[in-house]
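The structure appears right after this line, and notes come after that.
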Amino acid sequence: MDSRRLGFVLGVVLGLCPSVAMQADGSEDEKPLYKDATAPVERRVDDLLRRMTLEEKVMQVNQYSLGRNNNENNAGAVARVPAEIGSVIYYDQDPALRNDFQRKAVEQTRLGIPVLFGHDVIHGFRTITPIPLAQSCSWNPELVTQVCAQSALEASRAGVDWTFSPMIDVAHDPRWGRVAEGYGEDPYATGVYAAAAVRGYQGDTLSAEGSLAACLKHFVGYGASEAGRDYVYTEISRPTMWNLYLPPYEAGVRAGAATLMSSFNDVSGTPSSASHFLMTEVLKERWGHRGFVVSDWDAVRQLINQGVAADGREAALKAFNAGLDMDMMDDLYQRHLPDLVNKGLVPMERLDDAVRRVLRIKFEMGLFENPYTKEMKREKRILQPEGLRLAEQMAEQSIVLLKNENAVLPLERASTIALIGPLAKDTENLLGSWFAYGEAKDVCPIDRALSQEFEGRADILYAQGCGMEGDDRSGFAEAVGVARRADVVVLCLGEKRRWSGENAVWGSISLPEIQEDLLAEVKKAGKPVVLVLSNGRPLDLSRMEPLADAIVEIWQPGVVGGKPLAGVLSGRVNPSGRLSVTFPRSVAQIPIYYNRRPAARKGTQGRYLDMSSEPLYEFGAGLSFTTYDYGEISLPKETLRKGEEMTVEVRVSNSGPRDGMETVMWFVSDPVATLSRPVKELKHFEKKLIKAGEEAVYRFTVNPQRDLSYRDAEGNLVLEAGDYYLQVKDKRVKFTLID
Ligand code: GLC
């Protein structure tokens, strides 16, 4: 009997004695290399891999659920989870269940491989922070890193090792509910935030206490889902794939993201979850990613629905050979891979590669040395001061002041404020989608925040006016009466938290008619109206905008709720948010986004005959309580060689009465290229505090290879000599790139 076979037989026999590990030649050793924390990770991976049976390898590339599944879009759970499983989605907010299960894996299985516990920590675990779309309007990636680090700390103490975040799907269609989970419409900004989130979640090392393995999702093109519908097909050309949808993922991979999640959508007929081009050629071969790809929930089995697999066996075969390393929840890998490998349809090398990737992350996370979570009292690890402080800072910086007619804000002169609307006292909906273990009782409602903020300064009158939806207008009269007795109206309208996020597609992006009617009715009282919006997507505000004197977009701010808003209304907070996503004037304009390619006809040709072709609010829109004056862009040279860099700068002065934080966005235009390029593309941004009366200098070092190039259909970087423009606000300068 050869040594391998002997090793296998003995492995099975000695499986009854889990503490003794087998050598491949059947010899026993007390402390196998893979358990030696001082040994290099790759050697530990190799040592462990060669000890594993086929069944043990297959278990590592499966993920089941553990605990009470609270995800309304993915019902189901696995009754008995084998302790040899590679990973579980962890549905509990305390570590005890995790530790119990981990003990079975580490102490009662033959090789003692720890399990990886994942969870959707999208914008907080219990300390729910603003939704990612809001965070992207802060233009403060350093703050995103800090917020993600706090979320990681809170989640890791609850027993989570791995978050299915950041979601970095560039999206141009606000009918798609998942626009709430991403960082807006721009690929460069999304990439900056992707890297910032990865740094926050993973910290300096994956094994550090409080770190979570990150998971870039949904790889790739999910944001291009046709007509904004969820789970459907996309049509993405290769140049668009390379220049719009892939860049954030490359940025996240370069930042060290441990894992990625494959997406539900297909890309021009090939589902991402079966795309060898994406998961192997691009991600692993071209980008050298050394972590692993997990499927989205049931995405392997869904290949049958998508028409590329006849049954679960074929779905498993296609997904796995395409490079999809781990199967979330549909157990097709467990069921079919052993036979597919034994029949040679899945090469053992492919299985070994996937298992190696999973083991590598587990070793790098230190799970073999520290498989258990320290069990702290819940109140000592949730809703901690630092996490709450950063959540409030983020919510303040995410607020976008869209309109402020006649400087109605801040409310420094109001002695009576009419607080009206279905969201004025609301808590639950301010959490937004993917609220993990956030609780409504944690949220500070707008009415309480205003009462605290304006105590001793103004009286707050309240009327709900109407519900979030429906047609009960019986509360309108009371609302108008309250408005009549006040100096100003603060009207709080918006979306329910489940109206955005996964499986939340809308044909209309207007608010329910009853909310619009409430605004129109209250306006008749003849007082200034400050419209406050809490929502998870760009809205069609075309009917409401004319009736509002001010519009404050607070998004879904999380547990801090109305406090940042109260600060803006009182003037304590000078709003500094800028839109990371275009607000269409109408759903008919969709898709509409700033970085579009130039049309064949200029001027008025090709524009709508029945409406404006311009958005209501464009990418980058946002007002302040102070005024910023931009100087001219200083261009050190008008000719730049391809191998050179050039630092350009612009001076911005704060000529207004208040300190403020201003974000300068630098756009590049390439008006003549082999492939038509967008009319302008964001390539750098920076946010700075500028005190009243002072000025700041913003600089951008232009690196032609990084900032002026694009990719062709094959993904090759193209850098072409010729004229380019740099633009900041309405300032624009030209320079020429030469070889
Ligand atoms: C969901 C989502 C994905 C999430 C996963 C696990 O269907 O598409 O974003 O991470 O399942 O909950």
Side-chain angles (χ1 to χ4, degrees), residues 62-78 85-93 116-125 131-133 148 151 155 160-171 176-183 194 197-198 201 212-225 228-232 234 248-249 252 257-266 271-273 292-303 305-306 319 324-331 432-438 498 500-505 536:
N62 278 274
Q63 179 182 72
Y64 293 153
S65 64
L66 183 69
R68 195 180 64 77
N69 177 2
N70 58 3
N71 182 333
E72 70 270 10
N73 291 311
N74 292 320
V78 178
I85 195 76
S87 167
V88 292
I89 303 182
Y90 189 53
Y91 289 116
D92 199 306
Q93 60 178 320
L116 199 51
F117 294 77
H119 192 75
D120 291 288
V121 186
I122 309 301
H123 55 108
F125 183 80
I131 56 171
L133 183 59
C148 289
S151 298
V160 177
D161 308 309
W162 175 27
T163 176
F164 305 130
S165 176
M167 188 278 210
I168 55 175
D169 298 318
V170 170
W176 188 54
R178 307 203 74 168
V179 67
E181 303 170 44
Y183 294 112
V198 168
Y201 288 134
L212 294 184
C215 182
L216 306 174
K217 74 182 187 182
H218 307 78
F219 190 64
V220 67
Y222 195 8
S225 295
R229 291 196 303 276
D230 216 338
Y231 312 117
V232 297
T234 70
Y249 286 91
T259 70
L260 288 87
M261 180 184 292
S262 71
S263 59
F264 288 130
N265 59 286
D266 88 0
S272 300
S273 298
F292 66 89
V293 183
V294 64
S295 76
D296 202 335
W297 187 296
D298 194 46
V300 175
R301 194 191 54 75
Q302 287 168 184
L303 297 179
N305 302 343
Q306 288 171 298
L324 182 49
D325 302 303
M326 182 182 280
D327 176 14
M328 181 189 287
M329 283 306 288
D330 60 32
D331 86 3
S433 57
W434 292 105
F435 49 91
Y437 288 95
R498 284 184 171 78
S500 60
E502 183 178 356
N503 194 19
V505 183

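When a ligand or atom number is given, it counts from 1 through the structure's own listing order.
The distance from ligand 1 to the heavy atoms of N71 drops below 4.0 Å at these ligand atoms: 12 (O). Per-residue contacts place K217 under 4.0 angstrom from the following atoms of ligand 1 (heavy atoms of the residue considered): 3 (C), 4 (C), 9 (O), 10 (O). In summary, the atoms of ligand 1 found under 4.0 Å from a heavy atom of M261, numbered by their order in the structure, are 3 (C), 10 (O). In the vicinity of F164, heavy-atom distances shorter than 4.0 Å reach the ligand 1 atoms 10 (O). Less than 4.0 angstrom separates some heavy atom of F264 from each of these atoms of ligand 1: 7 (O), 8 (O).
Although no hydrogens or angles enter the test, the distance criterion places no donor-acceptor pair under 3.5 Å between the side chain of T259 and the main chain of V293.
For Y249 and D169, the side-chain atoms include at least one donor-acceptor pair closer than 3.5 Å. Side-chain atoms of Y231 and Q306 include no donor-acceptor pair closer than 3.5 Å.
The nearest heavy-atom contact from the protein to atom 10 (O) of ligand 1 is D120 OD1, 2.5 Å. When only non-hydrogen protein atoms are considered, atom 7 (O) of ligand 1 lies nearest to N74 ND2, 2.7 Å. Looking at atom 9 (O) of ligand 1, its nearest protein heavy atom turns out to be H218 NE2, 2.6 Å.
Contact annotation: D296 has at least one heavy atom less than 4.0 Å from an atom of ligand 1. Look at M167 and you'll find every heavy atom at least 4.0 Å from all atoms of ligand 1.
The aromatic rings of F292 and W162 lie perpendicular to each other, with more than 60° between the two planes, well past the 30° mark. The aromatic rings of F117 and Y90 stand perpendicular to each other, their planes meeting at an angle above 60°, with 30° marking the opposite boundary.
Inter-residue side-chain proximity for L212 and V160 is flagged as met; some heavy-atom pair is nearer than 4.5 Å.
Across L324 and S273, no two heavy atoms sit closer than the pair CD2-O, 3.6 Å.
Considering backbone and side-chain N/O of E502, one or more are found under 3.5 Å from N/O of ligand 1.
Only side-chain heavy atoms of R178 come within less than 4.0 Å of ligand 1; its backbone N, CA, C and O stay farther off. Of the heavy atoms in N73, none comes closer than 4.0 Å to ligand 1.
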